[in-house]
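Please read the structure below before turning to the comments.
Because the structure is a prediction, the values reported are computed rather than measured. Numbering of residues begins at 1 and proceeds along the displayed sequence.
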Amino acid sequence: MTDRIGDIADDATDAEEYSAEDLLEQAQINAQALFLGTAEALASDSQRLDAWRKSLAATFIRGWDTDDKWEPADILYALVTNYQAFGAVAVEARFEHVPSSVTIANLPNVHLADALGIAPDRMHHLFRIGEDLAARLGGSLSWTSGPDDTIQLEAGPA
């Protein structure tokens, strides 16, 4: 048993060698892999896939202040912040425009999707959850796939 405790201590020392940025990147990869894998597992049953997506939206909205009045730019900013937690990179943002828009990259991480053998568009269900969240906040979200594996997001009034 003592040897195993020593191994755990050695592993803990190794973990301290990773920077916060390294750990964040690993967490983002894990989050995308979990999302992609779940969407892939449910892909053959559209009813279960829709139920999963709606359940996630219903769960996520509990963490948002639904009593406040949300402007489209605020909705988009909050959604993009959440997408960045999954690893998205904001390429261009126009929050002051009507409609507000942001272009993001790396969501999905197409190299990860390829390594997992999962179609990258399974990540689009995350944007469908964003559509549900925006609607519950009194706005709307639309999105389209763009060149170079980017996603263009627009938020507007309901």
Item to check | Same apolar cluster: Ile61 and Leu79, side chain cutoff 4.5 Å | outcome: yes
Checklist entry - So if you build clusters from Ile, Leu, Val, Met, Phe, Trp, Tyr with side-chain heavy-atom gaps below 4.5 Å, do Leu56 and Leu126 land together? => result yes
Item to check | Side-chain touch His124/Arg128, heavy atoms, less than 4.5 angstrom | outcome: yes
Item to check | Heavy-atom neighbours of Asp68 CG exceed 12 at 6.0 Å | outcome: yes
Next on the checklist: Keeping Thr38 on the side-chain end and Leu34 on the backbone end, is there a donor-acceptor pair under 3.5 Å?
Outcome noted: yes
Checklist entry - Quick check: are there more than 12 heavy atoms from other residues, nucleotides or ligands sitting under 6.0 Å from CD of Glu96? => result yes
Checklist entry - Got a second to check how far Tyr18's OH is from Glu25's CD, nearest 0.5 Å? => result 12.0 Å
Checklist entry - Looking at Ser140, Pro99, Ser100, which one forms a side-chain contact (heavy atoms from CB on, under 4.5 Å) with Glu154? => result Pro99
Item to check | Heavy-atom pair of closest approach, residues Ala90 and Gln84 | outcome: CB-NE2, 4.0 Å
Checklist entry - Which atom names give the shortest non-hydrogen contact between Ala57 and Leu133, and what distance separates them? => result O-CD2, 3.5 Å
Checklist entry - In Å, rounded to the nearest 0.5 Å, how long is the span from OG1 of Thr144 to CD1 of Ile151? => result 7.5 Å
Checklist entry - Salt bridge between Asp132 and Arg53, side-chain N to carboxylate O under 4.0 Å? => result yes
Checklist entry - Is a side-chain N or O of Asn106 found less than 3.5 angstrom from the main chain of Val89, in a donor-acceptor match? => result no
Checklist entry - What is the distance from atom CG of Asp149 to atom CG of Leu107, rounded to the nearest 0.5 Å? => result 11.5 Å
Checklist entry - Do His111 and Pro120 have side-chain heavy atoms sitting under 4.5 Å apart? => result no
Next on the checklist: Nearest 0.5 Å, please: how far is CG in Leu137 from CG in Asp65?
Outcome noted: 9.0 Å
Item to check | Geometric class of the Phe35/Phe86 ring pair [parallel <30°, tilted 30-60°, perpendicular >60°] | outcome: perpendicular
Item to check | Plane angle bin for Tyr77 and Phe95 - parallel if under 30°, tilted between 30 and 60°, otherwise perpendicular | outcome: perpendicular
Item to check | Spacing of CG belonging to Leu23 relative to CG belonging to Asn30, to within rounding of 0.5 Å | outcome: 10.5 Å
Item to check | Main-chain N/O of Leu112 paired to Gln32 side chain as donor or acceptor, under 3.5 Å | outcome: no
Checklist outcome for this item: Looking only at heavy atoms, the pair that brings Leu76 and Ala155 closest together is CB-CB, 3.7 Å
Next on the checklist: Distance alone, cut at 3.5 Å: any donor-acceptor contact between the side chains of Asp22 and Gln26?
Outcome noted: no
Next on the checklist: Working to the nearest 0.5 angstrom, can you tell me the gap between Arg122 CZ and Leu36 CG?
Outcome noted: 9.5 Å
Checklist entry - Side chains of Leu153 and Ser101: does their closest heavy-atom pair fall under 4.5 Å? => result no
Checklist entry - Considering all heavy atoms of both residues, which atom of Ala85 and which atom of Gln28 are nearest to each other, and what is their separation? => result O-CG, 3.2 Å
Item to check | Shortest non-hydrogen contact between Ala39 and His125, atoms and distance | outcome: CB-CD2, 4.0 Å
Checklist outcome for this item: Between Glu131 and Trp143, the two heavy atoms sitting closest are OE2-NE1, 3.0 Å
